[in-house]
Amino acid sequence: MTALLDIAGLTRRFGGLVAVNGVSFSVARGEVVGLLGPNGSGKTTVLNMISGSLKPSGGDIRLNGERVSGWPAHRIARKGIARTFQLVRILPSLSVAENIVTALAFRRAPLWGADADAAARDLLAKVGLGGRGDEAAENLTYIDQKRMELARALAADPQLLLLDEWLAGLNPTELRVGIDLIASLRDSGITIVLVEHVMEAVRALCGRCIVMTAGSKIADGATADVLRDPEVIRAYLGTGHA
Amino acid sequence: MKRIATAAGLITLVAALASAPFFLDAYGLGLMMGLAGYVTLATAWALFSGPTGYVSLATVAFVGIGAYCVAALSEVLPYPLVLLIAAGIGLAVALVVGLSTLRLSGVYFVIFTFGLAELIRQLVTFYEINVTGTLGRYIFLGITPEQIYWQLLALGIVTMLLRWWIGRSRIGLALKVIGDDEVVASHVGIDIARTKLALFAISATIMTLVGAIQAPRWTYVEPAIVFNPTVSFLTLIMALLGGATRLWGPLLGAVPLFLLFEWLSANFPNHYSILLGLLFILIVFALPKGVLSFIEQMWGKAHRTDDSGARS
Ligand SMILES: Nc1ncnc2c1ncn2[C@@H]1O[C@H](COP(=O)(O)OP(=O)(O)OP(=O)(O)O)[C@@H](O)[C@H]1O
Ligand SMILES: [Mg+2]
């Protein structure tokens, strides 16, 4: 059986800087994989290439065996990859519900009109924003904007969900709620790749972890093993995150 | 209740406009024709440029293509077919131009569209001189001014309805998302290039039809007349004056400006261009977002003063 996501030799250069250097890994359907590494190690750049916001300088990305690397983002989105952004991206001129409808209206099996409104309401309830669809998106608090962004990603009905530090900036109570929310997504069978600095969340959510430093992959395995790996501790956990 | 009233009002308005030829003399009908033409052009211009923010000076390129199709084909083909062919050619040119230019941003797009109109004018001139052997063409069609007016009116109404419908459709939502954040737009599955191209093509096809419908009025056409860049500038300034992002904006800009231009060109034929330029500058400086926004702001201010007055 082919993996849902298969990445081989993925590379991205910015001028002289090699931000991602020959990274290979695969993700099976239903897996929740953590992508870890110190600041600037290339995690967001990997997600950007998977979602199509950046074109790889080299290497391959396959979804269900189909090569999607280099495709424009809207085509990749329609294939079933959805994401949230490290710096939350809302659509400020739209209402909360309309923010969700955008993803419903342009996905592969689109919803529009009353169907879309009802689906948006359900998704908002799922992320804890029930009944708040008519509010202006720009008036939401930071955590609620993050929730809305997650609901928008889920609205695409993705095969693969990419979360870029979705739990960053939450207080301990919010973090607990956030972890439970992602755990419920995992239990519903969705495949997730999440970039995360919060170790509590990584331990609670990820069966497997991949660690990068300076653009290269240095570890890939069961979370407990990876977090015990001396090289990982030296490269990552040693530098102020321990 | 309110919707029924609006619908009734609009139907009355359309009926009144449609019956205008029965009450007007030749001069009045000429004015109404010009008005209908420019309202349609400005609305079609805003259809693309309003939501995308691309400033196009290609209006007259398409108007001219439409007029030349009629001039060249109306002796050999039936009129409805000529209109259809004109629309098809306008659409084809728009698709080619759109595919090659919608990647350009800002001022480059403006310059390109301006150059496009000139290029097409030079090509037509070259063709007429070297192949046909004459520069001008006569259009002899048994189409009355009334019929031209009614066609323009119908096209104008269709254009308004189209804009209204787009505002409520998925394309309309796509445009809002693109306006807010192009990264999010592409990540929810919106094909940004195709959306812009579709709007540009629709807008250009309507402009081509305006030229084709108006052509019989001129009787004699030559490239310098039908590809006159002033048309592009007038359309632009009308849409901007009213507000290109509003449904009724282009109409509210086109009506007063068209009448003003008519008056200026009748009374100050020698200084017409200078006055036009001055007016252009004035509008862009004084009302950058258009009259409708301006009125809304004033209205908002007045209301706020009312409120504070009521409280004190
Ligand atoms: N668009 C870009 N242009 C130039 N350099 C970039 C660009 N995006 C990322 N980089 C560089 O690539 C490297 C990797 O960045 P990236 O954002 O992928 O790191 P990260 O692992 O997500 O870090 P963080 O944990 O801080 O989010 C950094 O040195 C960064 O400065
Ligand atoms: Mg990052």
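Below, chain A is the first sequence line, B the second, and so on; all start at residue 1.
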- Message: Could you check whether A:Asp134 pairs with A:Arg132 (Lys NZ or Arg NE/NH1/NH2 to Asp/Glu carboxylate O, under 4.0 Å)?
- Response: no

- Query: Heavy-atom distance under 4.5 Å to chain B: side chain of A:Pro110, backbone, both or neither?
  - Reply: side chain

- Task: Please determine if B:Glu182 and B:Lys196 form a salt bridge, counting it only when a charged side-chain N lies under 4.0 Å from a carboxylate O.
- Result: yes

- Message: With a 4.5 angstrom heavy-atom cut-off, is it the side chain or the backbone of A:Ala103 that approaches chain B, or both, or neither?
- Response: both

- Task: Carefully, step by step, assess A:His74 and A:Phe106 under the rule ring-ring contact (aromatic ring centres under 6.0 Å, His included).
- Result: CA-CA 9 Å; A:His74 70 267; A:Phe106 299 100; over 10 Å; no

- Looking at B:Ser203, B:Ser232, B:Ser49, which hits side chain to side chain contact (heavy atoms under 4.5 Å, CB included) with B:Thr59? B:Ser232

- A:Ala105 versus chain B, the contacting section by heavy-atom distance below 4.5 Å: both

- Task: With a 4.5 angstrom heavy-atom cut-off, could you sort out which part of A:Arg107 is near chain B: side chain, backbone, both or neither?
- Result: backbone

- Message: Under 4.5 Å from any heavy atom of chain A, what part of B:Ala174 do you find: side chain, backbone, both or neither?
- Response: both

- Compute both the distance and the angle, then confirm whether A:Arg75 meets the cation-pi test with A:Trp71: under 6.0 Å from the six-membered ring centre, within 45 degrees of the axis. yes

- Specify which of A:Arg152, A:Arg108, A:Glu149 makes the most heavy-atom pairs with chain B at under 4.5 Å. A:Arg152

